[in-house]
Number of protein chains: 2
Amino acid sequence: MKKELPAAQLDAWRRYYVSFWRISAAIEADLVAAGLPSLSWYDALYQLYRAPERRLRMSDLARGALLSRSGLTRLVDKLEAEKLIERRTCPEDGRGQHAQLTDKGVECLRRIWPVYRAGIAKYFGAQMNDAEAKQLATVFRRIVAVLDPGMDEAKE
Amino acid sequence: MKKELPAAQLDAWRRYYVSFWRISAAIEADLVAAGLPSLSWYDALYQLYRAPERRLRMSDLARGALLSRSGLTRLVDKLEAEKLIERRTCPEDGRGQHAQLTDKGVECLRRIWPVYRAGIAKYFGAQMNDAEAKQLATVFRRIVAVLDPGMDEAKE
DNA sequence: AAGCGATAGTTGCATCTGCAAGTAAAATCC
DNA sequence: GGATTTTACTTGCAGATGCAACTATCGCTT
């Protein structure tokens, strides 16, 4: 395997890697301090919020929420226990389940978002100007498009 | 809490967040496929590799390796069981332990790095030119400097 | 130098996560 | 149309991780 990684890319990678863990930890800490659920709950609820009729098949939700299917099953168990979503057997496929966001789930999203948004602004956004933000988005869009071709269309 | 997050920053954040999980998963999968240990092992070993005399106090290593102290204790247990590091009681502080990288640990790093480097190049670096890489590094440096003031000096 | 609060590291327990195996239903094959 | 393969989700189990409690030591105070 030949040397194939320019120094600027390696440098960018190391800082990207560390910054991600630091920001995640800081935001999670803010959520805990506010008595709110973690980002993984938000991710799942938000996927449903954006989906047509606020529901998704379990597998689709797992993909969007960055979890394995088994991980999602457990998460959905907890969300359902809190009445934030409901499981509904899929009418056109007896094997499948829909996760359906409830009104309480929407309300939960609305409680999380201000804290999450403030964290993004404080730990991430505050360190860049508008041009830099657009630049970052451009590069990350390319990365996501390569690693998860189906994701892009689903997100916008 | 007022609306305080420009759309460009939110967009950058969402793609940053997803891209990080996708890249991490892809690299971890490559490491597993190559029969190599995970990134968390690499992180810890690499911290030691860069440290003076290839050793660090447990707490310092935990900070650099992005782990809690308890998490580090478990990780060090495993690394020591594999003879990649050694625990040594700290001469100037009887409470403290040094984690000391062994030759076998260095060799392990050298086996991981080609796969890791290829993953960084393929999933991350390939999607940006040199100017973009520098731009990203600049922004992430600011983020890390804010969230972890001590880190920057330690890294360069 | 004895006491006391602070610090370094470890361990118990609970949580999260994934892989692989299991169950159920659909799709395909013959 | 009955059997086999595939797909969708769930569950058993094992690994990773963090918080809080614990032990041991340090360093400051008096």
Side-chain angles (χ1 to χ4, degrees), chain A residues 20-22 24-33 35-44 47-48 55-82 85-100, chain B residues 20-22 24-33 35-45 47-48 55-82 85-100 150:
Chain A
F20 183 85
W21 288 115
R22 298 288 181 212
S24 297
I27 291 177
E28 292 282 6
D30 289 350
L31 290 172
V32 169
L36 292 169
S38 74
L39 276 186
S40 63
W41 286 38
Y42 182 87
D43 287 346
Q47 291 295 317
L48 294 176
R55 68 168 174 241
L56 283 173
R57 293 288 292 265
M58 300 290 277
S59 294
D60 296 331
L61 181 53
R63 192 169 56 85
L66 308 168
L67 281 171
S68 69
R69 274 190 308 183
S70 61
L72 185 78
T73 293
R74 316 287 184 156
L75 179 56
V76 166
D77 289 345
K78 287 165 214 134
L79 294 173
E80 192 171 34
E82 297 289 330
I85 67 170
E86 288 168 7
R87 270 188 180 86
R88 293 185 183 169
T89 305
C90 196
E92 70 275 17
D93 185 343
R95 294 167 300 182
Q97 299 273 304
H98 283 301
Q100 170 77 51
Chain B
F20 184 85
W21 288 115
R22 299 287 181 212
S24 297
I27 292 176
E28 292 282 7
D30 289 350
L31 289 172
V32 169
L36 292 168
S38 74
L39 277 186
S40 62
W41 285 39
Y42 182 87
D43 287 346
L45 295 174
Q47 292 294 317
L48 295 175
R55 69 170 174 239
L56 284 173
R57 293 289 291 267
M58 299 291 276
S59 293
D60 296 332
L61 181 53
R63 193 169 55 85
L66 308 168
L67 281 172
S68 68
R69 275 191 307 184
S70 62
L72 185 79
T73 292
R74 316 287 183 158
L75 178 56
V76 165
D77 288 345
K78 288 167 212 131
L79 294 173
E80 191 171 35
E82 297 289 331
I85 67 170
E86 289 168 7
R87 269 190 180 85
R88 291 184 183 170
T89 304
C90 195
E92 69 276 17
D93 185 342
R95 295 167 300 183
Q97 298 274 304
H98 283 299
Q100 171 77 52

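Note on naming: letters A, B, ... go to the chains in the order of the sequence lines (proteins, then strands), and numbering restarts at 1 for each one. These figures come from a predicted structure and were not determined experimentally.
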Participant: Pick the closest DNA chain D nucleotide for B:Trp41 and for A:Val76 by heavy atoms, then say which residue is nearer the 5' end.
Facilitator: A:Val76
Participant: Please state how far atom CG in B:Asp43 lies from atom C1' in D:dA16, giving the value in whole angstrom units.
Facilitator: 14 Å
Participant: Could you tell me how far apart B:Leu56 (CG) and C:dG9 (C1') are, to the nearest whole angstrom?
Facilitator: 15 Å
Participant: Parallel, tilted or perpendicular for A:Phe20 and B:Trp21, by the 30°/60° rule?
Facilitator: perpendicular
Participant: Rounded to the nearest Å, what distance is computed from the CE atom of residue A:Met58 to the P atom of nucleotide C:dT23?
Facilitator: 19 Å
Participant: Can you measure B:Asp77 atom CG to D:dG15 atom P for me and round it to whole angstrom units?
Facilitator: 14 Å
Participant: Under 4.0 Å from OP1 or OP2 of D:dG15: is there any side-chain N or O of B:Lys78 that close?
Facilitator: no
Participant: Please determine if a side-chain N or O atom of A:Ser59 lies less than 4.0 Å away from the OP1 or OP2 oxygen of D:dC9.
Facilitator: yes
Participant: Check each residue of residues 68-75 of chain A for a non-hydrogen atom within less than 4.0 Å of any atom in DNA chain C, then write out the ones that pass by number, or none.
Facilitator: A:Ser68, A:Ser70, A:Gly71, A:Arg74
Participant: Who pairs with A:Glu86 by side-chain hydrogen bond (donor to acceptor under 3.5 Å, both in side chains), at least two apart in sequence or on another chain?
Facilitator: A:Arg88
Participant: Between P on D:dT25 and CD on B:Glu92, what's the gap in Å once rounded to a whole number?
Facilitator: 15 Å
Participant: A:Arg87 side chain N/O closer than 4.0 Å to the phosphate oxygens (OP1, OP2) of D:dT10?
Facilitator: yes
Participant: In whole Å, what is the span from the CG atom of A:Leu66 to the P atom of C:dC16?
Facilitator: 17 Å
Participant: Please enumerate all residues that pass side chain to side chain contact (heavy atoms under 4.5 Å, CB included) together with A:Ser38, with sequence neighbours excluded.
Facilitator: A:Glu28, A:Ser40, A:Trp41
Participant: With sequence neighbours excluded, tell me which residues meet side-chain hydrogen bond (donor to acceptor under 3.5 Å, both in side chains) with A:Asp60.
Facilitator: none
Participant: Rounded to the nearest 0.5 Å, what separation is found between the CG atom of B:Leu72 and the CD atom of B:Gln47?
Facilitator: 10.5 Å
Participant: With B:Ser70, which residues qualify under side-chain hydrogen bond (donor to acceptor under 3.5 Å, both in side chains), at least two apart?
Facilitator: B:Ser68
Participant: What is the distance from CZ of A:Arg63 to P of D:dT7, rounded to the nearest Å?
Facilitator: 16 Å
Participant: Sequence neighbours left out, what passes side chain to side chain contact (heavy atoms under 4.5 Å, CB included) with B:Arg74? Give chain and number order.
Facilitator: B:Lys78
Participant: Expressed in angstrom and rounded to an integer, what is the separation of B:Leu39 atom CG from D:dA16 atom P?
Facilitator: 13 Å
